[in-house]
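The figures that follow rest on heavy atoms only: side chains count, while hydrogens, waters and symmetry mates do not.
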Amino acid sequence: MAESTYQMHKLNKPIDWIVEVPGSKSMTNRALLMAALSNGRTLLTGVLFSDDSRYFLQALRDLNFEVEIDETAKTVAIVGQNGQIPVSEKEIYVGSAGTAARFLTAMLALAKGCFVVNASEQMKKRPMKPLFDVLINMGAEISYLENTGFLPVQIHGIGGRLPEDKMCRVELDISKSTQFLSALLLCAPMVKQGLQIDITSARKDGSYIQITRKMMKQFGAEIHFDGARYTIENETTYTARTYSIEPDVSAACYFYAAAAVTGGKALVRGVTWECMQGDLKFIRLLEKMGCSVHETPNGIEVQGAVDGKLKGITIDMKDFSDQTMTLAAIAPYADKDIRIENIGHIRLQESDRIHAIVTELTKLGICCEEKEDSITIHPGTVQAGVVETYEDHRMAMAFALTGLRTDGIAIADPMCCRKTFENYFEVFDSLCTEKE
């Protein structure tokens, strides 16, 4: 595979794939943070090793946490300091990892000491101000080292306990990213008198917030939510434990979509309806588009639409928006328009994902309509071309699906997928060439 582009090869028959995917990125980084804040040695299994998680792990090591890594066994052991940071002065680098940027910023702002958080040029453009504002109101001192409201920053932390003994109360807008709320919730045990978070935006909850709450409960920290307010009681702590991370359902969805668009079938090992990740909703969406879904002892299996003829649909993807690109990449092969709604927040992620989708599909000869928070994609005949990926891992992985049905599709900068699934195209290669 060339470094600059990945040349897809059209498949002339339905797929029949059994796949293993890495551990969940969202769960891995949440578990790493809670392990570091717990009261002893935590062993994590099924860990995702990718650019994002390695930045997170290196940051923890830079902060002098005791970290043991075994990539072959997919395990990480971390000795937590019960909400304390082992050093009081350090600079960390979070790369392009949004979860690392938000989670570690909150952790350092609530710790005792002076820290610098630096990031890649891509991450420096992503929103951080709502989180900064809350942390400043709580008493942290944050100095912007380049652009106001963005990384990099210098942080003088508040040292865990705030000046008053009564519960700390803050307000937060999560319209731009629910990661701000996850960051505060995950770090709330550092606030020993308890924390109450009132959500001021129309959006109050989301699938990733639900993952945060469930995982915190598994680590011994209970959150109370009344529909608009999150409360963590005083003296809440995390309990060190052995914790197994689920397979990444976001990654699994690319293979399920491959089954959908080729009329074949794909089984992803370990993905079940018991998984807590919101992208399970994408599997139900494929059912509505003409696929059938079966749960087997080894994992969920998707049988694609007959001859890959997918049904058009209008769908609200707010709670599983990471699959917007996946749906867009197979939308040209539907029998009617695909309209994806309530996704305006994805303009502020690794790329302006709405504009990127429309730009690349238009280059491939597909008519689209771009709105502030929606896309309409009209079915048509896909033309050969090179898909630009905008340093966005999900653009790279999703548009590989388009090449399963059309000759001459190439993916530029395919290795940007290292952010979450570093051998994705190697897996794709092996699957596409087996049994030929």
- Query: Would S351 and D392 count as having a side-chain donor-acceptor pair, cut-off 3.5 Å?
  - Reply: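 D392 and S351 do have a side-chain donor-acceptor pair below 3.5 Å.
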
- Item | Any side-chain donor near an acceptor of the partner, D279 and S250, under 3.5 Å |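 There is such a pair (donor and acceptor under 3.5 Å, judged by atom type) between the side chains of D279 and S250.
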
- Under the side-chain hydrogen bond (donor to acceptor under 3.5 Å, both in side chains) rule, what do R213 and Y208 come out as? Steps first, then yes or no, please. CA-CA 9 Å; R213 291 163 58 194; Y208 285 103; over 6 Å; no

- Task: Quickly, which of V268, L48, V19, V271 forms a side chain to side chain contact (heavy atoms under 4.5 Å, CB included) with P247? Name it, please.
- Result: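 Exactly one option meets the side chain to side chain contact (heavy atoms under 4.5 Å, CB included) with P247, and it is V271.
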
If you measure from [atom1] on [X] to [atom2] on [Y], what distance do you get to the nearest 0.5 Å?
X    : Y    : atom1 : atom2 : answer
I209 : I199 : CD1   : CD1   : 7.5 Å
T231 : D226 : OG1   : CG    : 6.5 Å
M289 : I330 : CE    : CD1   : 5.0 Å
Y238 : L186 : OH    : CG    : 5.0 Å
L131 : K176 : CG    : NZ    : 13.0 Å

- Query: Would W17 and Y256 count as a ring-ring contact (aromatic ring centres under 6.0 Å, His included) if you check the C-alpha gap in whole Å, the side-chain angles of each, and the deciding distance to 0.1 Å?
  - Reply: CA-CA 9 Å; W17 292 350; Y256 291 140; over 10 Å; no

- Task: Using a strict cut-off of less than 4.0 Å between a Lys/Arg side-chain nitrogen and an Asp/Glu carboxylate oxygen, indicate whether R54 and E422 qualify as a salt bridge.
- Result: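 So R54 pairs with E422 through a salt bridge.
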
- Task: Taking only Lys NZ, Arg NE, NH1 and NH2, and the carboxylate oxygens of Asp or Glu, determine whether K25 and D52 approach each other closer than 4.0 Å.
- Result: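 Looking at D52 together with K25, the answer is yes, because their closest N to O distance falls below 4.0 Å.
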
